[in-house]
Amino acid sequence: MTIKKFLKLGLQPLANQYQKKQIRLSVKKGQLYNLNIFFNSKSKLVSISKRIPSEKMFNSKYPYRSSMSKTMRASFKDLSKKIKRRFKPNLLLEIGSNDGALIKNFDKEKIIGVEPCKNLAKITKNDGYLTYDKYWNFDLAKKLKKKFKSVDVIYSANTLTHISNLTDVFQSIKYLLSEQGTVIIEDPSLLECIKKNSYDQFYNEHIYLFSGLAMKNLLRRFDFEIFDLENLSTHGGSLRYYIKRKSNKKQKVTNKVDSQIKEEIRFGLHKYNTYKRFSFNVSESKKKLLQILNKIKKDKKKIIGYGATAKAVTVLNYCDINKDLIPIFTDTTPEKINNYIPGRNIKISKYNKNILKNYDYAFLGAWNFKKEIIQKEKKFIKKGLKFLTHVPYPKFIK
Ligand code: TYD
């Protein structure tokens, strides 16, 4: 069999559907589904089995905002400088432009945003950026080709993992990209996920978790190839792939591509056994996290969840963590505040800078922003507050 299951994360709700009130979700009503993860030994692609229709996930209520963190704003600013310097594009297109964290760094006449979540597209439209509040597909590519002929750089961060039909995605990109054009794709790295045991990268929106190996195989089908790579610390460890047409000999392929693939093979990303081992580590991680949380409860200490991320939704539901273990979460995102964690009925309270004052522990839901958060909350840490993380294994942060 080419496609084999290696991890079961149990019944899960849709990660970004924060609940307005406390309710019991049901499988019958389609509110819970079994989250299983598979490895394709031929294409080396890792994916979840369940396909939720995009319209159900990415609509005008989508709560995720790229601009919510200093780290992401800085990352996009840095990248925009690099793109201008290295590729000097006349026209750039961003697939999944969210609330404009990247496109705001470009001149209005040089950039096009594509964002199907109308609440987010509205933000960049209001700022005067040309934004299509549509899904990225061949119809849209045709429309854009008529209007603009071609685009020099097509960029997409943390979006392609969310789109089921990758053939359509790349055919549409191929159709619109100029002959010497560059595609830049940035998504969480499978290697980092396995190394960090961060099983919470898996949830309904992350249909795929890419590796250099899988990306290389995928691109071959469209006569594309990776010519450069960057490892990033964002989203808990991401890979940024620089891609070109194979026929474009102007861009040289750097040795970073080969070294990434070698590292992935050294780590065993091409073998099913590696994923089975990961699956065992995940179940150990659950046991250990529950042990720590139960001890905190027994000692009658106070704990708050910090960062109501989609990732935390996977952790809480997989580990069966309820209000008795973590009574409340806090988050800065307006769309999440006063709602409840999907499937868990744990309330999300509005962040304020004194929120940690009366707590002994904070469970780091947004562990990918560890540095930023620890820095921000250092006065409470000095007073004795301890952050608890589950990455790479459950422990208190020293
Ligand atoms: P993120 O980890 O980027 O996303 P995902 O939902 O894909 O797992 O989300 C970070 C969340 O953490 C977001 O809801 C904002 C919140 N957050 C805070 O509440 N305070 C902070 O200081 C930071 C950096 C993030």
Side-chain angles (χ1 to χ4, degrees), residues 9 12-19 35 48 57-58 61-76 96 98-99 101-102 117 119-120 157-162 186-189 192-193 196 198-209 232-238 304-318 326 328-344 346-356 359 362-381 385 387 389-391 397:
L9 291 172
Q12 294 278 349
L14 299 190
N16 266 314
Q17 308 226 334
Y18 294 84
Q19 299 163 199
L35 180 54
I48 67 170
M57 298 187 280
F58 310 113
K61 292 194 187 83
Y62 194 63
Y64 180 78
R65 301 262 297 263
S66 312
S67 298
M68 274 297 125
S69 93
K70 229 165 126 180
T71 315
M72 289 315 289
R73 286 197 302 274
S75 165
F76 285 124
N98 200 274
D99 62 355
L102 176 93
C117 304
N119 56 327
L120 299 172
N158 305 306
T159 302
L160 298 201
T161 54
H162 299 59
E186 184 174 321
D187 277 299
S189 154
E192 288 302 310
C193 163
K196 295 194 172 94
S198 52
Y199 60 90
D200 51 354
Q201 290 288 7
F202 295 107
Y203 49 92
N204 58 293
E205 289 176 20
H206 284 178
I207 298 170
Y208 307 103
L209 213 54
L232 311 170
S233 60
T234 50
H235 287 284
S238 296
I304 185 169
Y306 195 114
T309 56
K311 292 188 278 294
V313 173
T314 293
V315 176
L316 299 180
N317 282 281
Y318 168 64
I326 305 182
I328 195 151
F329 260 74
T330 186
D331 200 285
T332 51
T333 314
E335 286 83 350
K336 296 182 185 177
I337 293 164
N338 289 330
N339 285 7
Y340 294 83
I341 302 254
R344 294 288 114 182
I346 300 174
K347 190 158 187 183
I348 304 162
S349 62
K350 184 176 177 178
Y351 175 79
N352 71 67
K353 62 181 190 333
N354 287 319
I355 198 144
L356 299 183
Y359 288 95
F363 172 67
L364 199 51
W367 58 267
N368 44 318
F369 293 113
K370 182 169 108 182
K371 239 170 134 184
E372 180 177 338
I373 292 170
I374 299 253
Q375 171 65 21
K376 194 159 124 187
E377 309 298 354
K378 61 180 180 225
K379 79 169 188 220
F380 296 105
I381 298 172
L385 175 112
F387 272 100
T389 184
H390 65 290
V391 176
I397 298 171

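Both counts, for ligands and for their atoms, begin at 1 and track the order of listing.
Tyr351 carries Lys376 over the face of its six-membered ring, with the cationic atom under 6.0 Å from the centre and within 45° of the normal.
For the ring pair (Phe, Tyr, Trp, His ring centres under 6.0 Å) test with Tyr306, the passing option among Phe363, Trp367, Phe387, Phe329 is Phe387; the others fail. Considering Lys350, Arg65, Lys61 as possible partners of Glu335, the one that fulfils the salt bridge (Lys or Arg N to Asp or Glu O under 4.0 Å) test is Arg65.
How far OH of Tyr340 is from CD1 of Ile348: 10.0 Å, rounded to the nearest 0.5 Å.
For Lys70, the NZ atom is loosely surrounded, since the number of other residues' heavy atoms within 6.0 Å does not exceed 12.
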At less than 3.5 Å, what protein N or O atoms come close to the N or O atoms of ligand 1? Include the distances to 0.1 Å.
| unit_1 | atom_1 | unit_2 | atom_2 | d |
| --- | --- | --- | --- | --- |
| ligand 1 | 2 (O) | Lys311 | NZ | 2.9 |
| ligand 1 | 2 (O) | Asn368 | OD1 | 3.3 |
| ligand 1 | 2 (O) | Asn368 | ND2 | 2.9 |
| ligand 1 | 3 (O) | Tyr64 | OH | 3.2 |
| ligand 1 | 6 (O) | Ala310 | N | 2.8 |
| ligand 1 | 7 (O) | Tyr203 | OH | 3.1 |
| ligand 1 | 8 (O) | Ala310 | N | 3.4 |
| ligand 1 | 8 (O) | Lys311 | N | 3.3 |
| ligand 1 | 8 (O) | Lys311 | NZ | 2.7 |
| ligand 1 | 14 (O) | Asp331 | OD1 | 3.0 |
| ligand 1 | 14 (O) | Asp331 | OD2 | 2.8 |
| ligand 1 | 14 (O) | Thr333 | OG1 | 3.1 |
| ligand 1 | 14 (O) | Lys336 | NZ | 2.7 |
| ligand 1 | 19 (O) | Thr332 | N | 3.0 |
| ligand 1 | 19 (O) | Thr332 | OG1 | 3.4 |
| ligand 1 | 22 (O) | Lys376 | NZ | 2.6 |

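Not one N or O on the side chain of Asp331 forms a donor-acceptor pair closer than 3.5 Å with the backbone of Lys336.
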